[in-house]
Amino acid sequence: MMNTMKRLSKMALKQLIACVVVGGCIGGLIACTRQRASLAASGAQLALSVTDAETGGALPATQLWHETDQKICVLFGYGYNTPAAVELLLAPLIQRYGAAAQGGMILPVVFPDDFRHGTRAVAGDFYAVLDDVHLSGIILLGAPEMTYRALARMQDAYDGEQPFPIFSFFPQDDVAGMESAADFVVDRAQDTENDGVVALEMAQETEENMALLLCAAARYLVELDEPLPRDAALFSHVQAICAPHRIAHYVDPETGLRSINHFILQ
């Protein structure tokens with residue numbers, strides 16, 4: 001009996017020692033894991049700090065565009081040709097499609113700065129400005145007078161056919177000439193009620209969203225292989241570009257005729 005109890009006591013002691021050893025190992029493993037996690041977190045924080053110091057807190061953005069010889073010309077005319085306005089409106093276009101100077105698609109042209117011959121600047125020289133440029137489309141913003149004549153010269157150079165899409169927003173050019181030269185024309189509503197307050201509010205809202213409008217126009221343009229037909233479907237195309245604004249057909253105040261490709265933002 002005594003021998004049996006002794007054997008049991010020795011076995012219990014061995015099990016206790018084993019538990020202590022195993023427990024110590026587990027505790028050591030946990031401590032080591034926590035230490036490694038702490039070191040990893042410290043290392044990650046250090047790496048983040050270095051990244052912040054080198055990049056200003058932001059990781060380099062992935063380039064969204066690729067080099068191409070196809071160019072989209074964006075003309076900045078009256079109301080949109082100040083350096084601040086050009087920079088603001090160009091930024092999202094350059095980010096998405098790249099600047100022509102770096103091999104991207106967007107070719108900005110500013111009137112009158114890029115049209116000067118000494119002290120003279122004529123929008124009719126737009127044709128010469130774009131000479132030898134492989135164009136896939138043109139977006140006009142506040143096109144100055146005589147722009148339509150330059151576009152007509154481009155058509156003449158292609159045997160009277162418009163070779164690529166041309167979108168015109170808020171032109172200061174001849175109405176009939178611009179309607180003839182562009183796929184479509186978009187103007188602001190000219191509301192004279194309430195001493196012009198409604199018209200002013202509409203203009204301000206449109207300018208605040210102009211960058212989005214230009215991006216939508218460029219996105220639409222790059223998907224086109226040819227100009228938009230002047231048919232019943234044109235309204236839907238222009239509405240998609242101008243969304244969320246609503247559009248309506250322009251009606252000539254003198255003749256009462258509704259234009260097929262001239263629209264008013266409402």
Which atom of [X] lies closest to which atom of [Y], heavy atoms considered:
{"X": "Ala150", "Y": "Phe126", "answer": "CB-CB, 3.6 Å"}
{"X": "Cys73", "Y": "Val109", "answer": "SG-CG2, 3.6 Å"}
{"X": "Asp114", "Y": "Pro108", "answer": "OD2-O, 4.2 Å"}
{"X": "His245", "Y": "Gln266", "answer": "ND1-O, 4.3 Å"}
{"X": "Ala218", "Y": "Ile72", "answer": "O-CD1, 4.4 Å"}
{"X": "Pro165", "Y": "Ser136", "answer": "CD-O, 3.3 Å"}

In terms of hydrophobic clustering (I, L, V, M, F, W, Y; side-chain heavy atoms under 4.5 Å; direct or indirect links), are [X] and [Y] co-clustered?
{"X": "Ile264", "Y": "Ile260", "value": "no"}
{"X": "Val185", "Y": "Val175", "value": "no"}
{"X": "Leu224", "Y": "Ile106", "value": "yes"}

Given 3.5 Å as the limit, does a donor-acceptor pair link the side chain of [X] with the main chain of [Y], or not?
{"X": "Asn209", "Y": "Leu212", "value": "no"}
{"X": "His249", "Y": "Ser259", "value": "yes"}
{"X": "Asp183", "Y": "Leu228", "value": "yes"}
{"X": "Gln70", "Y": "Val222", "value": "no"}
{"X": "Asn261", "Y": "Leu234", "value": "no"}
{"X": "Asp173", "Y": "Met178", "value": "no"}
{"X": "Thr68", "Y": "Gly104", "value": "no"}
{"X": "Arg96", "Y": "Leu64", "value": "yes"}
{"X": "Ser180", "Y": "Gly177", "value": "no"}

Given side chains that start at C-beta, do those of [X] and [Y] come closer than 4.5 Å, heavy atoms only?
{"X": "Leu221", "Y": "Ile138", "value": "no"}
{"X": "Met210", "Y": "Phe170", "value": "yes"}
{"X": "Thr147", "Y": "Leu75", "value": "yes"}
{"X": "Leu140", "Y": "Pro171", "value": "no"}
{"X": "Leu265", "Y": "Val186", "value": "yes"}
{"X": "Val74", "Y": "Leu107", "value": "no"}
{"X": "Trp65", "Y": "Met105", "value": "no"}
{"X": "Phe164", "Y": "Pro227", "value": "no"}

Using the benzene-type ring in the case of Trp, are the ring centres of [X] and [Y] under 6.0 Å apart?
{"X": "Phe167", "Y": "Tyr220", "result": "no"}
{"X": "Phe111", "Y": "Phe115", "result": "yes"}
{"X": "Phe263", "Y": "Phe169", "result": "no"}

Nearest-0.5 Å distance that lies between atom [atom1] in [X] and atom [atom2] in [Y]:
{"X": "Met154", "Y": "Leu135", "atom1": "CE", "atom2": "CG", "answer": "6.5 Å"}
{"X": "Leu214", "Y": "Ile241", "atom1": "CG", "atom2": "CD1", "answer": "11.0 Å"}
{"X": "Leu141", "Y": "Asn81", "atom1": "CG", "atom2": "CG", "answer": "9.5 Å"}
{"X": "Glu161", "Y": "Gln155", "atom1": "CD", "atom2": "CD", "answer": "8.5 Å"}
{"X": "His66", "Y": "Tyr97", "atom1": "NE2", "atom2": "OH", "answer": "11.5 Å"}
{"X": "Ile247", "Y": "His262", "atom1": "CD1", "atom2": "NE2", "answer": "11.0 Å"}

*Check the surroundings of atom CZ in Arg246: do more than 12 heavy atoms from other residues, nucleotides or ligands lie under 6.0 Å from it?*
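No, CZ of Arg246 has 12 or fewer neighbouring heavy atoms, counting only those of other groups under 6.0 Å.
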
_Tell me if the CG atom of Asp231 is crowded by more than 12 foreign heavy atoms within 6.0 Å._
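More than 12 heavy atoms, drawn from other residues, nucleotides or ligands, come within 6.0 Å of this atom.
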
*Cation-pi between Arg258 and Tyr250: NZ/CZ under 6.0 Å from ring centre and within 45° of the ring axis?*
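No - Arg258 does not lie over the ring of Tyr250 by the 6.0 Å and 45° rule.
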
